[in-house]
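Taking it in order: structure first as structure tokens, then the write-up.
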Amino acid sequence: MDKELHAEASKFLSYILRHKPETIGLTLDAEGWADMDALIRLSKVKGHQFDKDLIRTIVEDSAKKRFTLSPDGLHIRAAQGHSSQQVDIRYEEKTPPALLYHGTATRFLAYILGEGLKPQSRQYVHLSGDENTAVQVGLRHGRPVVLKIQALAMHEQGFTFFQADNGVWLTRNVPFSYIQQ
Ligand code: HQG
């Protein structure tokens with residue numbers, strides 16, 4: 001499969017497994033898992049000819065490890081980034097490092113420095129442990145800017161942090177007082 005088709009297939013999987021499984025009549029369980037056979041069968045409606053090998057290749061090729069396969073290979077889920085109300089993953093709580101990073105675009109800065117970071121359409125605010133990843137995330141939205149989040153201080157004040165299967169850090173919101181530009 002050429003690179004472009006591969007990227008398109010990966011985007012489609014992200015859309016279905018994070019946001020709108022109902023558009024192909026797929027149901028996710030509360031932990032975000034989809035049945036592989038059902039996903040393959042129902043994706044045909046939108047013209048996607050998946051098979052298990054292709055899905056496995058997409059999972060393995062994702063540098064961000066966007067998707068997780070169940071150990072028996074029968075189920076797949078997106079590791080993070082959900083907006084679907086079908087999904088409410090019980091992520092394990094974890095103490096964060098002193099600093100975490102959030103990549104955004106300069107055009108959002110005034111709002112963020114006023115009201116803090118909000119999950120917007122997703123369930124959580126997404127943070128990374130390294131600055132480079134945050135730059136890449138910011139680039140998706142425009143001219144990137146990396147915000148430093150006083151994560152450990154937040155945690156000490158009772159804010160909860162989680163880490164997804166792929167290492168991305170999640171929290172429900174970040175008040176502006178914990179954000180440094
Ligand atoms: C911004 C990607 C105005 C926020 C990444 C971000 C990540 C505000 C945008 C994952 C705001 C939401 C998530 C406020 C936050 N006012 N704007 N108060 N608070 N924002 O895409 O974090 O490549 O929903 O800064 O790697 O960019 O898809 O979130 O710019 O892990 O696998 O609102 O998605 O992964 O944008 O990205 P998004 P995100 P994938």
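Keep in mind that this is a model prediction, so the values were computed, not measured. These values consider heavy atoms only, across backbone and side chains, with no hydrogens, waters or symmetry-generated copies. Whatever order the structure lists ligands and atoms in, that order sets their numbers, starting from 1.
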Please state which part of Arg18 comes within less than 4.0 Å of ligand 1, counting heavy atoms only: side chain, backbone, both or neither.
->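 Answer for Arg18: side chain.
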Which is it for Val137 and ligand 1 at heavy atoms under 4.0 Å: side chain, backbone, both or neither?
->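 Looking at Val137 and ligand 1, just side chain atoms fall under 4.0 Å.
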Identify the protein heavy atom lying closest to atom 39 (P) of ligand 1, giving its residue, its atom name and the separation to 0.1 Å.
->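 Here the closest protein heavy atom is Arg140 NH1, 3.8 Å.
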Provide, to 0.1 Å, the distance between atom 1 (C) of ligand 1 and the closest protein heavy atom, together with that atom's residue and name.
->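 For this ligand atom, the closest protein heavy atom is Phe108 CD1, 3.9 Å.
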Parallel under 30°, tilted from 30 to 60°, perpendicular over 60°: which one fits the rings of His48 and Phe50?
->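 Geometry flag for Phe50 against His48: parallel rings.
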Can you say whether the rings of His155 and Phe161 are parallel (under 30°), tilted (30 to 60°) or perpendicular (over 60°)?
->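 It falls in the tilted class, 30° to 60°.
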Chi angles and distances behind the side chain to side chain contact (heavy atoms under 4.5 Å, CB included) call for Tyr101, Val135 | CA-CA 9 Å; Tyr101 302 90; Val135 173; over 6 Å; no
Donor-acceptor contact below 3.5 Å, side chain Ser10 vs main chain His6 =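 No, the answer is negative, given that no donor and acceptor are paired below the 3.5 Å cut-off.
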Are the side chain of His126 and the backbone N or O of Gly81 linked by a donor-acceptor pair below 3.5 Å?
->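 The answer is yes, because a donor-acceptor pair under 3.5 Å joins these two groups.
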Return yes or no for this condition: an N or O of His126 is under 3.5 Å from an N or O of ligand 1.
->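 No, no N or O pair falls under 3.5 Å.
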Is Ser121 in polar range of ligand 1, meaning some N or O pair under 3.5 Å apart?
->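 Ser121 vs ligand 1: no N/O contact under 3.5 Å.
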For ligand 1, which atoms have a heavy atom of [X] less than 4.0 angstrom away?
X	value
Tyr111	3 (C), 16 (N)
Glu115	14 (C), 16 (N), 18 (N)
Arg66	23 (O), 32 (O), 40 (P)

For atom 23 (O) of ligand 1, which of Lys64, His102, Lys118 has the closest heavy atom?
->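 Considering heavy atoms of Lys64, His102, Lys118, the nearest to atom 23 (O) of ligand 1 sits in Lys64.
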Of the choices Arg122, Gln120, His141, which has the non-hydrogen atom that lies closest to atom 36 (O) of ligand 1?
->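 Ranked by closest heavy atom to atom 36 (O) of ligand 1, first place is His141.
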Below 4.0 Å from any atom of ligand 1, is there a heavy atom belonging to Gln80?
->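 In this structure, Gln80 qualifies as a contact of ligand 1 - some heavy atom is under 4.0 Å.
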Quick one: does Gly116 get a heavy atom under 4.0 Å from ligand 1?
->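 Judged by the 4.0 Å heavy-atom criterion, Gly116 does count as contacting ligand 1.
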What is the minimum heavy-atom distance between Phe176 and Leu113, and which atoms define it?
->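 Where Phe176 meets Leu113 most closely, the heavy atoms are CB-O, 3.4 Å.
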Between Gln80, Lys65, Lys64, which is the residue that forms a side chain to side chain donor-acceptor pair (under 3.5 Å) with Asn166?
->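 For Asn166, the side chain to side chain donor-acceptor pair (under 3.5 Å) test succeeds with only one of Gln80, Lys65, Lys64, which is Gln80.
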Measure from NZ or CZ of Arg77 to the centre of the six-membered ring of Phe67, then state whether that distance is under 6.0 Å and the direction lies within 45° of the axis.
->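 Because its charged atom misses either the 6.0 Å distance or the 45° angle limit, Arg77 does not stack over Phe67.
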CD1-CG distance between Ile55 and Leu69, expressed to the nearest 0.5 angstrom |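 That separation rounds to 8.5 Å.
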